[in-house]
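Heads up: the structure comes next, in structure tokens.
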Amino acid sequence: MNNLGNKETMAKNIKRYMDSHNIDRKDLATVTGVAYTTLSDWLNAKTYPRIDKIEKMAYFFGISKADLVEEYNPTNNVGNNHNEYRMFPVSISAGCLEDIEAIDTYDIVTIADEIMGKYAGRKGIILLKVNGESMNNVIPDGSYIVVDTSKTKVTDISDRDIVVFSENGSYSVKRYVNDIANERFLFKPDSTDDTFTAIEVKYEESINLKLIGKVVKYIVNSD
């Protein structure tokens, strides 16, 4: 395949995943850390993204790099291309901690495997809605987050992963940092608003701290 073909394939694939995830150019440019004009060049098949940008897009969409680089083959999606997931009818605060009641009640939603990518059909995947602006560099207010609840131990996650956690029955979503030198866990905002501050939990006070899961992707609500 020649270079032009690669560009055209990449452009088509990016557009398809943008459509299936209901995300616009501005949001994807923010996610990938490129200028709006750069993303437009990709979508118009004028230029080809660097490998690190392909990796960022693949991670965001929950797909492999090959899904962006290679020609789309619809026969790969024939069969059981939808799965059901639990969606809790509550909102996770992306600002200060928020008590959530009736967390054991949930709705069942059906989502296309193309949207869920590599997380399609996985056990332990739940959906929650985010309210607030403290994570708006990454997760816009009103987005639905996909949470892998199998990631509940410190050994399951890495510094700067986005996690849902609870402390004394209150829930929030933040970036996780294990500050070993100072014997504390930090849950940091990622926002355009610098007034948001990190939540600090010292090791000796972490008995009631619980990791609910790792945020593996988000779905933008355009309403």
Side-chain angles (χ1 to χ4, degrees), residues 1-34 38-87 109-128 137-140 143-152 155-164 173 175-176 190 213-220:
M1 181 180 294
N2 61 33
N3 192 42
L4 179 59
N6 282 332
K7 292 176 187 176
E8 291 177 341
T9 297
M10 176 65 67
K12 291 177 183 178
N13 287 336
I14 296 173
K15 289 175 183 176
R16 187 176 67 258
Y17 286 111
M18 286 176 66
D19 289 342
S20 66
H21 286 71
N22 195 25
I23 183 173
D24 62 22
R25 295 188 181 197
K26 181 180 178 181
D27 286 338
L28 187 58
T30 299
V31 167
T32 54
V34 300
T38 299
L39 179 63
S40 294
D41 285 343
W42 298 346
L43 295 174
N44 292 324
K46 291 182 178 179
T47 59
Y48 195 85
R50 299 198 314 261
I51 185 62
D52 61 315
K53 303 305 182 184
I54 296 174
E55 289 174 345
K56 282 189 175 183
M57 286 189 287
Y59 178 81
F60 170 73
F61 289 130
I63 58 178
S64 69
K65 293 190 293 293
D67 291 324
L68 290 171
V69 173
E70 297 175 359
E71 191 76 33
Y72 175 63
N73 183 357
T75 61
N76 291 337
N77 294 316
V78 173
N80 182 22
N81 59 351
H82 293 78
N83 276 280
E84 293 183 340
Y85 305 91
R86 292 177 297 163
M87 183 175 73
V109 296
T110 301
I111 302 178
D113 290 352
E114 187 174 17
I115 293 177
M116 297 299 286
K118 64 183 179 182
Y119 302 103
R122 285 195 187 183
K123 293 182 178 179
I125 292 292
I126 65 171
L127 277 76
L128 298 166
N137 277 330
V138 185
I139 305 174
S143 299
Y144 289 91
I145 53 175
V146 178
V147 182
D148 184 352
T149 61
S150 69
K151 308 293 186 182
T152 59
T155 53
D156 294 331
I157 57 177
S158 304
D159 282 353
R160 295 194 60 75
D161 279 347
I162 301 175
V163 300
V164 177
V173 54
R175 284 200 184 275
Y176 162 89
D190 193 341
K214 176 182 174 181
V215 177
V216 294
K217 68 186 310 172
Y218 71 84
I219 301 171
V220 176

Is any side-chain heavy atom of [X] closer than 4.5 Å to a side-chain heavy atom of [Y]?
| X | Y | value |
| --- | --- | --- |
| W42 | M10 | no |
| M57 | V31 | no |
| Y48 | T9 | no |
| K53 | T38 | no |
| M116 | V146 | yes |
| Y176 | D159 | yes |
| L43 | M18 | yes |
| F61 | I23 | yes |

Exercise for the section: Output all residues satisfying side-chain contact (heavy atoms from CB on, under 4.5 Å) with K65, sequence neighbours left out; order by chain, then residue number. Expected result: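 Applying side-chain contact (heavy atoms from CB on, under 4.5 Å) to K65 gives I51, I54, E55, A58.
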Exercise for the section: Would you please name every residue forming a side-chain contact (heavy atoms from CB on, under 4.5 Å) with R16, sequence neighbours left out? Expected result: N13, Y72, E114
Residues in side chain to side chain donor-acceptor pair (under 3.5 Å) with [X], at least two apart?
| X | result |
| --- | --- |
| S64 | D67 |
| S40 | R25 |
| D19 | none |

Using 0.5 Å steps for rounding, measure from the [atom1] atom of [X] to the [atom2] atom of [Y].
| X | Y | atom1 | atom2 | result |
| --- | --- | --- | --- | --- |
| N6 | E71 | CG | CD | 10.0 Å |
| T32 | K56 | OG1 | NZ | 7.0 Å |
| I145 | L127 | CD1 | CG | 8.5 Å |
| L28 | I14 | CG | CD1 | 7.0 Å |

Return the minimal non-hydrogen interatomic distance between [X] and [Y], and the atom names on each side.
| X | Y | answer |
| --- | --- | --- |
| Y59 | V215 | OH-O, 4.3 Å |
| M87 | Y144 | SD-CE2, 3.7 Å |
| P140 | Y218 | CD-CE1, 3.5 Å |
| Y85 | A120 | OH-CA, 3.2 Å |
| H82 | T110 | CB-CG2, 3.7 Å |

Practice task
Start with the C-alpha distance between I125 and V147, add both sets of side-chain angles, then the distance that settles side-chain contact (heavy atoms from CB on, under 4.5 Å), and finish with yes or no.
Solution key: CA-CA 6 Å; I125 292 292; V147 182; over 6 Å; no
Handout entry: Salt bridge flag under 4.0 Å for residues K26 and D24
Key =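 No, no charged N to carboxylate O under 4.0 Å.
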Problem - T149 side chain vs G213 backbone, donor-acceptor pair below 3.5 Å - result: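 Not a single qualifying donor-acceptor pair exists.
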Exercise for the section: Give a yes or no on whether the backbone of I115 and the side-chain of K217 come within a donor-acceptor separation of less than 3.5 Å. Expected result: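 Looks like yes, one N/O pair under 3.5 Å.
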Handout entry: Qualifying side chain to side chain donor-acceptor pair (under 3.5 Å) pairs, either residue in residues 119-128, two or more places apart
Key = none
Practice task
Applying side-chain contact (heavy atoms from CB on, under 4.5 Å), run through D190 and R160 and close with a yes or a no.
Solution key: CA-CA 10 Å; D190 193 341; R160 295 194 60 75; 4.2 Å; yes
Exercise for the section: Verify side-chain contact (heavy atoms from CB on, under 4.5 Å) between R175 and V138, making sure each step is shown before the conclusion. Expected result: CA-CA 10 Å; R175 284 200 184 275; V138 185; 3.3 Å; yes
Practice task
State whether the number of non-hydrogen atoms from other residues, nucleotides or ligands found under 6.0 Å of K12 atom NZ is greater than 12.
Solution key: no
